[in-house]
Student: 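Sharing a structure here in structure tokens format.
When reading the values below, keep in mind they use all heavy atoms of this one structure, side chains included, and skip hydrogens, waters and symmetry mates.
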Amino acid sequence: MPHDPITDAALDLLRETDAEVADIIAAEGARQATTIELIASENHVSPAVMHAMGTCLTNKYAEGYPGARYYGGCVHHDQVERVAQDRAKQLFNCNFANVQPHSGASANAAAFLALLKPGDTFASLVLSDGGHLSHGLKVNMSGKWFNPVHYPLHYDENHPQFEQIDYDAVKRVCREHQPKLLMCGYSAYPRVIDFKLMREAADECGAIMLADIAHIAGLVATGVHPSPFPHAHVVTTTTHKTLRGPRGGLILSDDEEMSKKINRAIFPGMQGGPLMHIIAAKAVAFGEALRPDFKAYCQQIVANARALAAGLSEHGYRITSGGTDNHVMLVDLRARDQNLTGADAERWLEAAGIITNKNGVPNDPRPPRVTSGLRLGSPATTTRGFNETDMHQVAAWIDEVLAAGLTGEDQLARTSQRVRASVREMCDQHPLP
Ligand SMILES: *Cc1c(COP(=O)(O)O)cnc(C)c1O
């Protein structure tokens, strides 16, 4: 069921002209309202952010930047983009913001275009250790046209920082390969990133330091995770994960020269007309994130992630690196049962109304389509008002469903039906924003 009257009314209007699409959107609204969203990169935006997107700003071409457009009639587009820029700078306490990247991957591609030449070496964490595909995966532009080298985690389970970044090795990799750029910031990394140590490693080889805070942007904006500034030369991010804005990207810097290169790389380097309706929604989301209640929200994200991790540990699951400092955790399912796979767990939990994604754990022997892990996160459930007690309940349901799945089809069907009903009830108690 649509969760606010304007969305409701808009869908009714749409249904008059296109019932087919309206019905699909309504069904998706119902799915989101009645399931527990544990995908760490997802969130539920406010009605204000939602409605800023569905506006007449989409009708306009505004190639260029405020005050320097290639089309007439951009007066309001200049205003709204300046608001978005100013709020982004205030939020992250930096001097330059480009709010035009269409997505996080586009922001990273623009940073590469601005700062590297084809064939240049850069250092990053590999996808299978928690990195992102835009950080040098062979099938991605970053891996095809550039030369990625990867720094490791601590893989020795007796090491006190087991499965955390090996900062000495980062320096070693930098000395050995002399990368032009050092990337940090990840998609499946549950620990605090030491940006200062990353900058030291970058400085030792004269590399540019790029921090991709796509996952933790909300936590960074509120001081719940340390800021990459003043260490990073350039910061890229998405706006739709913990930051709870529209789907999009953002590039930040304190360095005027870098920011000029970034601006030219976004336009005309990579993109044409900016998505001005999305930029308006970014401005709205940044405004929300500047308010004190957003800090409380981000603190609760971390408390909830810790509660979920603790609950799962009590049920015999292993949380990689021994826990979480942020919104995300990687659950090693093999500790509960050697036969459990990420693919099965994702499918079984979805039938019970708990939405997750399978994810490899470091040194996972299983292929990416199977995996031994689940990546779970708390941003979306925290938006709905779940607290630590609720997260312990969610951990218990996860274990009930997975235990039933291991027992057999009949048991799984019975258990997932029962848990599905309880999940619906909890969702009803915590409606979407
Ligand atoms: C999600 C993510 C991105 C990509 O964002 P898209 O908007 O999906 O392109 C980039 N970097 C990291 C670290 C991410 O987690």
Student: Less than 3.5 Å apart, any donor N or O on the side chain of Ser106 or Ser103 sitting next to an acceptor on the other?
Tutor: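 Per modelled atom types, Ser106 and Ser103 side chains form a pair under 3.5 Å.
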Student: Could you check whether any side-chain heavy atom of His44 comes within less than 4.5 Å of a side-chain heavy atom of Glu37, counting everything from C-beta outward?
Tutor: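 His44 vs Glu37: side chains touch.
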Student: For the residue pair Ser134 / Asn140, report whether a side-chain donor-acceptor contact shorter than 3.5 Å exists.
Tutor: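 No - no donor-acceptor pair under 3.5 Å links their side chains.
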Student: Atom CG in Asp428, atom OG1 in Thr34: separation rounded to 0.5 Å?
Tutor: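 So the CG of Asp428 and the OG1 of Thr34 are separated by 8.5 Å.
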Student: Quick check: closest heavy atoms across Tyr189 and Ile165, and the distance to 0.1 Å?
Tutor: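 Nearest heavy atoms, Tyr189 then Ile165: OH-N, 2.9 Å.
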Student: Indicate yes or no: at least one non-hydrogen side-chain atom of Leu181 is less than 4.5 angstrom from one of Met183.
Tutor: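 Yes, at least one pair of side-chain atoms sits under 4.5 Å.
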Student: State whether Phe294 and Arg244 meet the cation-pi test: NZ (Lys) or CZ (Arg) under 6.0 Å from the six-membered ring centroid, and within 45° of the perpendicular axis.
Tutor: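 Here Arg244 fails the 6.0 Å and 45° test against Phe294.
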Student: Does atom CG of Asn93 have more than 12 heavy-atom neighbours from other groups under 6.0 Å away?
Tutor: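 No, because the 6.0 Å sphere around CG of Asn93 holds 12 heavy atoms or fewer from other groups.
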Student: Just do the side-chain hydrogen bond (donor to acceptor under 3.5 Å, both in side chains) check on Asp212 and Asn108 with the steps written out, would you?
Tutor: CA-CA 8 Å; Asp212 174 356; Asn108 284 337; 2.9 Å; yes
Student: Do the side chains of Asp166 and Tyr155 get nearer than 4.5 Å, heavy atoms only?
Tutor: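 With C-beta onward as the side chain, the pair stays apart.
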Student: Can a donor-acceptor pair be found between the side chains of Thr121 and Gln178 at a distance below 3.5 Å?
Tutor: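 No pair is found: no donor N or O on one side chain lies under 3.5 Å from an acceptor on the other.
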Student: Decide yes or no on side-chain hydrogen bond (donor to acceptor under 3.5 Å, both in side chains) for Thr371 and Asn359, but give the supporting numbers first.
Tutor: CA-CA 6 Å; Thr371 80; Asn359 205 105; over 6 Å; no
Student: Strictly by modelled atom types, are Asp4 and His51 linked by a side-chain donor-acceptor pair under 3.5 Å?
Tutor: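 Side chains of Asp4 and His51: pair found under 3.5 Å.
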Student: Using a strict cut-off of less than 4.0 Å between a Lys/Arg side-chain nitrogen and an Asp/Glu carboxylate oxygen, indicate whether Arg199 and Asp203 qualify as a salt bridge.
Tutor: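 Salt bridge between Arg199 and Asp203, a charged N being under 4.0 Å from a carboxylate O: yes.
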Student: For residues 52-64, run the donor-acceptor check on the side chains, cut-off 3.5 Å, and write out each pair with its distance to 0.1 Å, sequence neighbours left out.
Tutor:
residue	atom	partner	partner atom	Å
Thr55	OG1	Ala52	O	2.9
Lys60	NZ	Gly72	O	2.8

Student: I want to check something: taking the side chain as every heavy atom from C-beta on, are Ser142 and Leu137 in contact at a cut-off of under 4.5 Å?
Tutor: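 No, too far: nothing below the 4.5 Å cut-off.
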Student: Would you call Ile36 and Cys427 a side-chain contact if the rule is heavy atoms closer than 4.5 Å?
Tutor: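 Result yes, sub-4.5 Å side-chain heavy-atom pair found.
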Student: Within a strict 4.5 Å, meaning less than it, do heavy atoms of the Thr320 and Met329 side chains meet?
Tutor: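 Result no, sub-4.5 Å side-chain heavy-atom pair not found.
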Student: Taking 4.0 angstrom as the limit, do Asp344 and Arg347 come out as a salt bridge?
Tutor: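 Salt bridge: yes.
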Student: Return the CD to CZ distance between Glu204 and Arg172, rounded to the nearest 0.5 Å.
Tutor: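 Interatomic distance, Glu204 CD to Arg172 CZ, rounded to 0.5 Å: 12.0 Å.
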Student: So Cys298 and Thr382, do their side chains get closer than 4.5 Å, heavy atoms only?
Tutor: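 No; the side chains remain at least 4.5 Å from each other.
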Student: Does the salt bridge (charged side-chain N to carboxylate O under 4.0 Å, His left out) test come out yes or no for Lys171 and Glu200, once each step is laid out?
Tutor: CA-CA 8 Å; Lys171 290 187 178 172; Glu200 280 176 26; 2.9 Å; yes
Student: Hey, is Glu81 close enough to Arg69 for a salt bridge, meaning N to O under 4.0 Å?
Tutor: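 A salt bridge is present here (some side-chain N lies under 4.0 Å from a carboxylate O).
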Student: Look at Lys241 together with Glu42 and state whether they make a salt bridge at an N to O cut-off of under 4.0 Å.
Tutor: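 Not counted as a salt bridge, because no side-chain N and carboxylate O are separated by less than 4.0 Å.
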Student: Does anything in residues 86-126 pair up under ring-ring contact (aromatic ring centres under 6.0 Å, His included), and if so which pairs, sequence neighbours excluded?
Tutor: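 Listed by first then second residue: Phe112-Phe122, Phe112-Phe146.
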Student: Will you find, in the side chains of Tyr317 and Asp399, an N or O donor that is under 3.5 Å from an N or O acceptor?
Tutor: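 Yes - a donor-acceptor pair under 3.5 Å links their side chains.
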Student: Which pairs with one or both residues in residues 254-273 pass ring-ring contact (aromatic ring centres under 6.0 Å, His included), sequence neighbours excluded?
Tutor: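 Matches after skipping sequence neighbours: Tyr70-Phe267.
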Student: Give a yes or no on this: more than 12 heavy atoms of other residues, nucleotides or ligands lie within 6.0 Å of atom CZ of Arg334.
Tutor: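 More than 12 heavy atoms, drawn from other residues, nucleotides or ligands, come within 6.0 Å of this atom.
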Student: Return the set of residues passing salt bridge (Lys or Arg N to Asp or Glu O under 4.0 Å) with Asp325 (not counting sequence neighbours), or none when no residue passes.
Tutor: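 Partners of Asp325 under the salt bridge (Lys or Arg N to Asp or Glu O under 4.0 Å) test: Arg191, Arg306.
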Student: With no hydrogens and no angle check, just 3.5 Å: does a side-chain donor-acceptor pair link Asp255 and Ser253?
Tutor: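 No, because no side-chain N or O of Asp255 sits under 3.5 Å from a partner of the opposite role on Ser253.
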Student: Does Lys180, at its NZ atom, have more than 12 non-hydrogen atoms belonging to other residues, nucleotides or ligands within less than 6.0 Å?
Tutor: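 No - once you tally the heavy atoms of other residues, nucleotides and ligands closer than 6.0 Å, there are 12 at most.
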Student: Just grab all the ring-ring contact (aromatic ring centres under 6.0 Å, His included) pairs involving residues 204-230, residues at least two apart or on different chains.
Tutor: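 Matches after skipping sequence neighbours: Phe195-His225, His215-His327.
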Student: Scan for ring-ring contact (aromatic ring centres under 6.0 Å, His included) pairs involving residues 237-266, sequence neighbours excluded, and state none if there are none.
Tutor: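 Every pair satisfying ring-ring contact (aromatic ring centres under 6.0 Å, His included) with a residue in residues 237-266: there are none.
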